[in-house]
Asker: 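First, the structure itself, so that you have it in front of you.
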Amino acid sequence: MTTFIRQIFGFAGCFLLLSHLCAYVLRRYKERAFYRWTVIALPLFLLVLPVGVFTVAEYMRGIVGELSMITLFIMGAVLWHRLGGKRLIDSNSLRFLQIAVITGGILLYPMTLGVTMMDPYRFGYLRGVAPLLMILIALGAWGIKRRAAAFVIILTLLLFHLRIMESTNLWDYCLDPFLFLYFCVSLLFTKYIL
Amino acid sequence: MVSVLLALIVSVHQFMIHPVSPAFVCPSPFELQTHRERRPVYVEGFIHQEGITPSVHASTLTSLTNGNVLAAWYGGSREGAVDVVIYGAEYNSAGKTWGAVRKIIDPEKTGKETGRFVQRLGNPVLCSDDQGGVGLFYVSISAGGWSYSSINFIRSCDGGTTWAPARRLVTSPVLNLGTLVKSAPLRFSDGSIGLPVYAEFIGKFGELLRVNRLGRVLDKRRISSGKRSIQPAVVPLGKKKAVALFRNCGEEEDRRILRTASYDGGESWCALSQLNLPSPDAAVALLPIGGKKLLLAFNNSSRGRYNLSLAISEDGGNQWRIIRVIENGSERERFSYPFLIEASDGLFHLTYTWNRRRIKHVYFNRAWIEEQIR
């Protein structure tokens, strides 16, 4: 059962990526009735489409890997909003998450390449220390009224404790290179994100 | 606020139960069953006939609970080809014969079981766990070269006849790319497995993963840094002391085998030092044989892999003495990727790639080693 749930979360990233691509391509038809169903159904159809031995979803997952929980939450919330739903994560909370992810990425990625003996990725295996730090960040977000950000962080932490992803490292629940690069680019080139 | 409190409770609970880093399990000479034969024994042979696959490489061994030895290696049209499959064979310790070669896993099965496209397979490493199970860690690639590798794991409860579905180990935050295995694992006192791995994605350095018997990563320690130390062979010399030797893949002209040591259970490692042994950018195999004695199989040449030798150290891996030249061919020949174990009956088994065509098997006993030292 756990393996099945892990696979679902693994494929969720591929589905959300394709859905956003569909939503972007079909953005002129946003008001049309077929828009919503196409943005949901077309990616699902594409993902289960077999190409040789593997499905499109398996090819995508082979290349993209696992997206972090925070990426899934953000992509899910934005897709929901694009399909006419309520905005689940306000822009202030997104900005908070953006700063947190960029800070984490700057600390994490250069040193994981083996420049020094220090490996911040190991910190994510220490099950007590890293989650407590996450809670402090969530409390900080709650304190400055970034409640959606706090909720996303706490939900990520709870899913980490449930070992819902393949990874056993908290860093992999919080950020991935795609989210880090996207947030960096959006910080540099646009005033507003998403 | 309820969710914050819930997360706080869970995290504090996990913090309280988080164990102290476990000690290494170091088999003392008294725990090892001594091979009954007191006269020196040294026998050479091959695991399989030539031609099963055009190319073979990267053999690995583990001792089974029934006293036999299981071997695995990869074979296909060439290294890195899409038809590469991991094969295995069982050595009957009583009859001194190898059983039939059988396929263990291929890229398609790995891909289907891990839910992702897998194009090619690479180095396998076998290990036995404290529950009598056999694990196989192996490298896979979805796209690109070895720098884009990941590690997978399968486990068998019947000595390698059948295997549970594959799972992928997540070992790197950069799309889980660039981690490979080559060398023999070691054991920790809590039953977890210490798996020496190395990174080849931008940096080239060694790490020690701590993995449970089901293949879940529990911890990771970096044992070197930079761009020249790969394929660490890590062995314990005590509860808290371990030594690691590396393949030197640096740019320098006169490459030497690299060494480091840990005195705190692998938490921290000394700076790399160079041994007085050449490293022609080739893998080494290391085995503790009691006390501070270590046995090393390596390519004893500055360039090329035509010479494969056994060396012994009696001071924890600082000073080495060649005790036997196993192979010394022409410069075009290649005898590489040695793997050493001591089986449960006390016999030492060495396998290596013989000219990429066959996996060669050599076994010897402690009396033979002592004779070579004298």
Side-chain angles (χ1 to χ4, degrees), chain A residues 3 6-7 10-11 51-55 57-66 105 108-109 112-122 124-135 138-139 142 150-151 153-155 157-158 160-161 163 165-169 171-172 175-178, chain B residues 1 3-4 6-8 10-18 107-108 111-119 140-143 150 165 167-178 199 201-207 210 212 216-227 229 268-269 271:
Chain A
T3 310
R6 280 192 197 120
Q7 296 285 3
F11 287 119
V51 181
V53 176
F54 296 98
T55 61
E58 287 166 335
Y59 281 106
M60 274 188 78
R61 204 168 166 220
I63 307 299
V64 174
E66 305 281 90
L108 178 68
Y109 291 123
T112 56
L113 302 176
V115 181
T116 65
M117 288 294 281
M118 171 108 172
D119 182 13
Y121 189 60
R122 193 195 169 195
Y125 291 117
L126 304 177
R127 292 193 297 172
V129 182
L132 284 175
L133 188 67
M134 288 273 288
I135 288 173
L139 285 172
W142 189 274
F151 186 73
I153 293 167
I154 292 302
L155 199 55
L157 194 50
L158 288 173
F160 169 70
H161 286 310
R163 295 286 185 263
M165 287 174 71
E166 273 183 338
S167 175
T168 49
N169 191 303
W171 279 108
D172 294 319
L175 72 160
D176 55 67
F178 294 109
Chain B
M1 275 317 270
S3 59
V4 175
L6 185 60
L8 187 64
V10 174
S11 297
V12 169
H13 177 251
Q14 299 250 341
F15 183 75
M16 301 298 280
I17 63 166
H18 190 260
E108 185 183 330
K112 285 293 167 194
E113 290 175 356
T114 57
R116 54 174 45 82
F117 167 60
V118 170
Q119 193 180 38
S140 73
I141 305 174
S142 293
S150 301
R167 72 182 311 161
R168 205 168 79 125
L169 276 67
V170 182
T171 55
S172 160
V174 187
L175 306 177
N176 195 26
L177 296 177
F201 185 74
I202 303 178
K204 291 183 176 179
F205 53 91
E207 294 179 316
R210 197 161 66 81
N212 73 8
R216 300 277 281 173
V217 183
L218 306 173
D219 197 1
K220 186 171 85 155
R221 299 104 186 260
R222 186 166 292 175
I223 55 181
S224 68
S225 61
K227 298 185 88 169
S229 53
S268 62
W269 293 80

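We use all heavy atoms of the structure for the numbers below, so side chains are in, but hydrogens, waters and symmetry mates are not. Below, chains carry the letters A, B, ... as their sequence lines are ordered, and counting in each starts from 1.
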Asker: Flag the one option from A/Phe11, A/Tyr59, A/Tyr109 with the top tally of heavy-atom pairs under 4.5 Å to chain B.
Answerer: A/Tyr59
Asker: For B/Val174, which atoms come within 4.5 Å of any heavy atom of chain A: side chain, backbone, both, or neither?
Answerer: both
Asker: Which atom pair, heavy atoms only, marks the closest approach of B/Arg222 to A/Met118?
Answerer: NH1-O, 3.1 Å
Asker: If I measure from the heavy atoms of chain A, does B/Asn176 come under 4.5 Å with its side chain, its backbone, both, or neither?
Answerer: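 Neither part.
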Asker: Name the region of A/Leu108, side chain, backbone, both or neither, that has any atom closer than 4.5 Å to a heavy atom of chain B.
Answerer: side chain
Asker: If you count heavy-atom pairs within less than 4.5 Å of chain A, which of B/Lys204, B/Gln119, B/Glu108, B/Lys227 leads?
Answerer: B/Glu108
Asker: Let me know if A/Asp172 has heavy atoms under 4.5 Å from chain B in its side chain, its backbone, both or neither.
Answerer: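 For A/Asp172, side-chain heavy atoms alone lie under 4.5 Å from chain B.
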Asker: Measure distances from A/Tyr121 to the heavy atoms of chain B and classify the residue's part below 4.5 Å as side chain, backbone, both or neither.
Answerer: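 When you check distances to chain B, only side chain atoms of A/Tyr121 fall under 4.5 Å.
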Asker: Counting only heavy atoms closer than 4.5 Å, note whether B/Glu207 contacts chain A via side chain, backbone, both or neither.
Answerer: side chain
Asker: May I ask you to name which of B/Gly203, B/Gly226, B/Ala143, B/Ser172 has the most heavy-atom pairs under 4.5 Å with chain A?
Answerer: B/Ser172
Asker: Taking atom OG1 of A/Thr112 and atom NZ of B/Lys220, what is their separation to the nearest 0.5 Å?
Answerer: 7.5 Å
Asker: Examine whether an atom of A/Glu166 lies under 4.5 Å from a heavy atom of chain B, and if so say whether it belongs to the side chain, the backbone or both; otherwise answer neither.
Answerer: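 Its backbone and side chain both get close to chain B.
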Asker: If you compare all heavy atoms of A/Gly114 against all heavy atoms of B/Ser225, which two are closest, and at what distance to 0.1 Å?
Answerer: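 Heavy-atom minimum between the residues: O-CB, 3.3 Å.
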Asker: Angle between ring planes, A/Phe54 versus B/Phe117, binned at 30° and 60°: parallel, tilted or perpendicular?
Answerer: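 The arrangement is perpendicular - the two ring planes meet at more than 60°.
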Asker: Heavy-atom distances under 4.5 Å only: say whether B/Ser268 touches chain A with side chain, backbone, both or neither.
Answerer: neither
Asker: Between A/Ala57, A/Gly10, A/Gly62, which has the largest tally of heavy atom pairs under 4.5 Å with chain B?
Answerer: A/Gly62
Asker: Does B/Arg168 pair with A/Glu66 as a salt bridge, N-O distance under 4.0 Å?
Answerer: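 Salt bridge absent between B/Arg168 and A/Glu66.
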Asker: Between the main-chain N or O of B/Gly115 and the side-chain N or O of A/Arg61, is there a donor-acceptor pair closer than 3.5 Å?
Answerer: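 Yes; judged by distance alone, with no hydrogens or angles, the pair exists.
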Asker: For the pair B/Ser142 (side chain) and A/Ile63 (backbone), establish whether a donor and an acceptor sit closer than 3.5 Å, ignoring hydrogens and angles.
Answerer: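 Not confirmed, B/Ser142 side chain does not pair with A/Ile63 backbone.
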Asker: When rounded to the nearest 0.5 angstrom, what distance separates CG in A/Asn169 from OG1 in B/Thr171?
Answerer: 10.0 Å
Asker: Nearest 0.5 Å, what's the CZ-CD distance between B/Arg116 and A/Gln7?
Answerer: 7.5 Å
Asker: Would you check if B/Phe201 and A/Leu113 make a side-chain contact, meaning some heavy-atom pair closer than 4.5 Å?
Answerer: yes
Asker: A/Asp176, A/Thr116, A/Val115: which one forms the most heavy-atom pairs within less than 4.5 Å of chain B?
Answerer: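 Greatest number of close heavy-atom pairs with chain B: A/Thr116.
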Asker: Heavy-atom count around B/Lys112 NZ within 6.0 Å, excluding the residue itself: above 12?
Answerer: yes
Asker: What part of B/Ser150 gets closer than 4.5 Å to chain A, counting heavy atoms only: side chain, backbone, both or neither?
Answerer: neither
Asker: Less than 4.5 Å to any heavy atom of chain B: does that hold for the side chain of A/Val53, its backbone, both, or neither?
Answerer: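 For A/Val53, backbone and side chain are both near chain B.
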Asker: Please look at A/Met165 and chain B and tell me whether the side chain, the backbone, both or neither of the residue comes under 4.5 angstrom of a heavy atom of that chain.
Answerer: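 The answer is the backbone of A/Met165.
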Asker: Can you say whether B/Leu169 sits under 4.5 Å from chain A via the side chain, the backbone, both, or neither, judging by heavy atoms?
Answerer: neither
